[in-house]
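Below is one structure; the comments refer to it alone.
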Amino acid sequence: MSACVPAHADSARTEHVHPPHSPPPRGPRRFRVAGADVSASIAVFLIALPLSLGIALATGAPLQAGLVAAAVGGIVAGRLGGCPLQVSGPAAGLTVVTADLIQQYGWRTTCAITVLAGLAQLGLGCLRVARSALAVSPAIVHGMLAGIGVTIAVAQLHIVLGGTPQSSVPDNLVALPAQLANLRPADLAVSALTLSLLSLWPRLPGRAGQLLGKLPAALIAVGGATAVAAVAGLRLPKVDLPSWSSHALATLPEGPVLGLVAAVLTTTLVCSVQSLLGAVAVDKLVAARPGLTGRVKRSDLDRELLGQGAANIVSGSLGGLPIAGVAVRSTANVAAGAVSRNSTMLHGGLVVIATLLLVPALELIPLASLAALVMAVGLKMISLNHIRTVTRHREVLVYAVTTAGVVFLGVLEGVALGIAVAVGVALHRLTRTRITHDETEGVHHVHVRGQLTFLAVPRLSRVLHQVPHGADAVVELDGSFMDHAAFETLQDWQKTHTAHGGAVDVTGRRPGTRISEPADTDNCRCRPWTPWRNHQCERPPTAPPTGAARQDSAGDADAATGSSGRTDRAGRAAQADFAGPGLTEGTDGPGGGRELARGISAFQRNTAPLMRGELARLAREGQQPSQLFLTCADSRVVTSMITSSGPGDLFVVRNVGNLVPLPGEEGGDDSVAAAIEYAVEVLKVRSVTVCGHSGCGAMQALLSAEPGGARTPLRRWLRHGLPSLSRVPRGAGDAGYPDAGPRLAGRPAADTAEQLSLVNVVQQLEHLRAHESVSRALRAGDLELHGMYFHVGEAQAYLLAEADGGAVFRRVLETDLTV
C-alpha cells in the first residue's frame, strides 16, 4: 500500500491557500452604477412614461401594455442587446402594424404574434443576418417611417378634436369634415396647450431656459396640460388603468394561417429594421461624443437582434406591445451622459416602480394630451432632411411610392411595393445609357454617360462608326461599370481606328481608366493619393533617347498615361512647350521635365474639362477666399488634400518651417507680412491658420544648429524660429522627460522635434497677433486664428484648443462635423 497521501486529500487541504507574497483573494464583485447612468436613466424614464401611454392609446391596446413594453424593453433588451446605449420599448414605427393586428385578431392574439415575432428574431440573430438587413434601401426605410407617421398623425387628429379615429387613413380623411363640424373645445384646448408646450419648451431663452430645458419637453407638455385641465375642472376622457389582476395575457393565435404568417413577418421586419438602424445611429452618436468612444463598444448587431427577440417574447407573454429600438429615447440617453447599459436597465426599473406607485397620478392625464403628443411624434417621422437626401440621390420615386403604399395599403404591402420600385429604378439606371458624339477643333468626342452593358452595344457601335478614319478621337466613359461585351466592342473599334492612322484616347472618372495596355506594358494602375505620384506611375529610368528613339519620345509619354496611337493635340502641345534643353531630352525619372509634361497633359485631358466652368467663374468674379492658410513648404503637406478645399477656397502662404517673422524686425521678411496684410485687409479673410507638421526639416535644422558657422540664406531665415526653440528645454518629448508646453491629446510628443513643431505653431500665432492688420481685425471680431498640426505618417490632423492644462492639439475625427 502506498504511503503517499491521496491526491484529492492534498488538494482539499491546499485548495484555499494562496501563494506567498500574493494579494489575498478578493471577495465577490459588487454591482456598481455610475452616477452618469443614474441621471441618464431618470431623463429617459421621464420621456418614456408619457410616450408609452400615448403609443398604447394610438394602437387601441390596453394602456398598461405600453408600460409593460417600456419596462421589458429597458430591462431585457437593455441587458441582452448588442447596443449598450440604445433604449428599446414601444415605438411609434410599430403603431400602425399593431393597430391593424388588434383590429383583425384582437389583443390576446396580437400578444401571441409578438411572441412569434420574437422567436423569428432569435432565429435571424442565430443565423447572423443582421448586417444583411441593412441592405434595404434607405429610401424604402424612410418612406416606410413617413407613411407610418402620416397614418399616426391622421388617426390621432380625431382624438385631438374630441372624436374617435377610424381603422384606415382613407376612412379618417373621409370622416374628418364631420369631426371638424362636431369638435369638442375642451379636448382641442388641451391638445393645443400640449403642442404649444412641446414646441416652445426647448426654445426658452436665457440662462433659465438652459436650466429648464434639461427637463424633457414631452413630460412638461403632458404634465402641464394635465395640471391645467385639473385646475380648470375640464371634463375630458382620461387615462384608465384597470387592475393588474384583469390584465390580458397572450393566448394561442386564432385566425387564418397565411394571415398570421404575414402578421408575424411584418412585425419581425419592422421591429428588426428599426432596431438595427437605431443601433447604427447610436454608434454615430457615441463616436461624436468626446471621451465615450473608448468606453462604449461598437454595436454587435447580431446580439442586438437576439436581445430584441428575447424582449419581444417576454413582452408578448406578459401582455405588452411589440418592442423595438427607439430613436428619441436613445438620443436622449446618449445626450444625458450615459456610459453603459445600466442606464437603460435602470429606466426600465423606474417604469416598473411608476406602474405600481403612480397609478392615481397617471389616471389624471387627458387622452387628448397623449394624442397630441403622439401626433407630434408622427409628424416628426416625416423628415424634410430625408426628403432632400432621397431627392438628391434621385430616389424620390421609391420614397413616394413606399410612403403612399404604407398609407393606403399597409406596412408590408407598402414596403414590398417600394422594394419592387427600387429594383425597377436600379434596372432602369443599369440599362439607360446616353451616348453622344460631337467634334471640337478637329477632335471627335464620344461621351458615354451611364453604365455600359451589352444592351447599349448597338448604340455604342453606331456612334463610334460616325468617327472618320484617321481622326483624333476621345472616348469619355462617365460611369462605373462596363461589361465584357461593351469592352470588346470598344477595344475592337480602337484597334481598327488606330490601324487606319487615327488616335484614340479613352478617359474616365477614375484615374487609370483604359481599354488596352500601354506600349511599355508597365501595368500602370494609379489611384488618387494611394500612392500619390501626380496621377502618374513611376517608371524605371531609361537611357537618354537618341536618333529615331528620340522622335518617339512624345508617343512614349502619352502611352504611359493610357493613350494609344498618335498623341492628342493638347498632349502634343504640352510636350512641345517643355521640350527645351535639359527638360525632356535627358530625363525620364521622377522630377524630370517629362513628368511635368505628362502631369500637365493629364490635367488638360481629365481635370480641365470638369473644372473649366468653375475656373471661368472664379476668373470673372475674382478670388474671394475665406481663409489664409500658412504652412510649411514641405512637399508632403498638400493643403488642398488635408482641408478638402478647391480653387478659390484658401489663400496659401508657404515657407520653410511655417514661420511668421515679427513685424519691423531688422532684416525681416516682408513677403510674409505683405501676404498677411493683403489677405486680411484686401481679401477680408475670416480666419488665419498656422499649420505645422511632423518630420519638419526646419525644426530638425533648428535643433541641430551649432553656434557660429556661415550665415547662409537658410540660417538667416531660420532665426525667426529661435523664439520657438527657446521655449522647448532640451530633452522635452524624450522618454522619461515630461512634455513642455503644448501637447497632443491622447499621447505625449514622440521626440523633441515633434515637441518643437507643436510649440512653433503656438509661437507663430503669437507673432501673427503682433501684426497691426491682424491685431485690428481681431479687436473688431472679424478674424479668428487657428493652430493646426498634421502628422504625415498617420495622415491625422490635430486642431489647437485650450484645456485646463494649457494648449492641447486635439484629433479631428472622421465623424466630427462641428469642428
Side-chain angles (χ1 to χ4, degrees), residues 52 54-63 65-66 69 89-118 120-121 140-141 143-159 163-175 248 250-275 312 315-316 319-324 371 374-375 377-378 381-382 401-419:
S52 300
I55 291 171
L57 173 67
T59 60
L63 297 184
L94 294 164
T95 302
V96 176
V97 176
T98 310
D100 288 342
L101 295 180
I102 295 173
Q103 187 76 19
Q104 293 183 32
Y105 303 106
W107 171 242
R108 293 168 68 90
T109 299
T110 300
C111 293
I113 292 173
T114 302
V115 173
L116 295 175
Q121 286 181 300
I140 297 175
V141 176
M144 177 189 73
L145 295 177
I148 292 173
V150 170
T151 306
I152 292 172
V154 173
Q156 298 308 298
L157 181 59
H158 282 270
I159 302 179
T164 303
Q166 306 299 315
S167 59
S168 65
V169 173
D171 293 340
N172 281 319
L173 293 176
V174 170
T251 187
L252 292 177
E254 298 178 0
V257 176
L258 292 179
L260 292 174
V261 170
V264 171
L265 291 178
T266 303
T267 306
T268 303
L269 172 67
V270 178
C271 289
S272 301
V273 171
Q274 183 166 343
S275 299
N312 273 311
S315 179
L321 291 172
I323 289 173
V374 177
M375 185 178 70
V377 173
M381 295 172 69
I382 311 168
V401 169
T402 305
T403 302
V406 171
V407 169
F408 294 104
L409 300 177
V411 175
L412 188 61
E413 294 85 351
V415 170
L417 195 59
I419 292 174

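Quick caveat, the model's predicted, so the values are computed rather than measured. Residues: numbered from 1 along the sequence shown.
Residues satisfying the side-chain contact (heavy atoms from CB on, under 4.5 Å) criterion with Ala61, sequence neighbours excluded, are Thr59, Ala65, Ile102, Trp107, Leu321. Under the side-chain contact (heavy atoms from CB on, under 4.5 Å) criterion, Val401 pairs with Leu397, Leu417, Val421, sequence neighbours left out.
Interatomic distance, CD1 of Ile148 versus CD1 of Ile382, reported as 11.0 Å (0.5 Å rounding). To the nearest 0.5 angstrom, Ile159 atom CD1 is 10.5 Å from Met375 atom CE. Distance check, rounded to the nearest 0.5 Å: OG1 of Thr402 to CD1 of Ile419 gives 8.0 Å. Taken from CD1 in Ile113 to CZ in Arg108, the straight-line distance is 13.5 Å, to the nearest 0.5 Å. Distance CG/Leu94 to OG1/Thr267: 7.5 Å, rounded to 0.5 Å.
Between Leu260 and Thr109, some side-chain heavy-atom pair lies under the 4.5 Å cut-off. Residues Pro256 and Tyr105 meet the side-chain proximity criterion, which asks for heavy atoms closer than 4.5 Å. Residues Ile152 and Val377 fail the side-chain proximity criterion, which asks for heavy atoms closer than 4.5 Å. Counting heavy atoms from C-beta on, the side chains of Asn312 and Cys271 come closer than 4.5 Å.
The main-chain N or O of Ala324 is never found under 3.5 Å from a side-chain atom of Ser275 such that the two would form a donor-acceptor pair.
Across all their heavy atoms, Ala263 and Leu101 have their closest contact at CB-CD2, 3.3 Å. When every heavy atom of Met381 is checked against every heavy atom of Ala92, the shortest pair comes out as SD-CB, 3.9 Å. When all heavy atoms are compared, the tightest approach of Cys111 to Gly316 is CB-O, 3.4 Å. The shortest non-hydrogen separation linking Thr403 to Gly143 is OG1-O, 3.1 Å. Residues Val374 and Ala58 come closest through the heavy atom pair CG1-CB, 4.0 Å. Taking each heavy atom of Gly93 and Gln274 in turn, the nearest pair found is CA-OE1, 3.6 Å.
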Applying side chain to side chain contact (heavy atoms under 4.5 Å, CB included), run through Val270 and Met144 and close with a yes or a no. CA-CA 9 Å; Val270 178; Met144 177 189 73; 4.2 Å; yes
For residues 405-415, please give each side-chain donor-acceptor pair under 3.5 Å, one per line with the distance, not counting sequence neighbours.
none

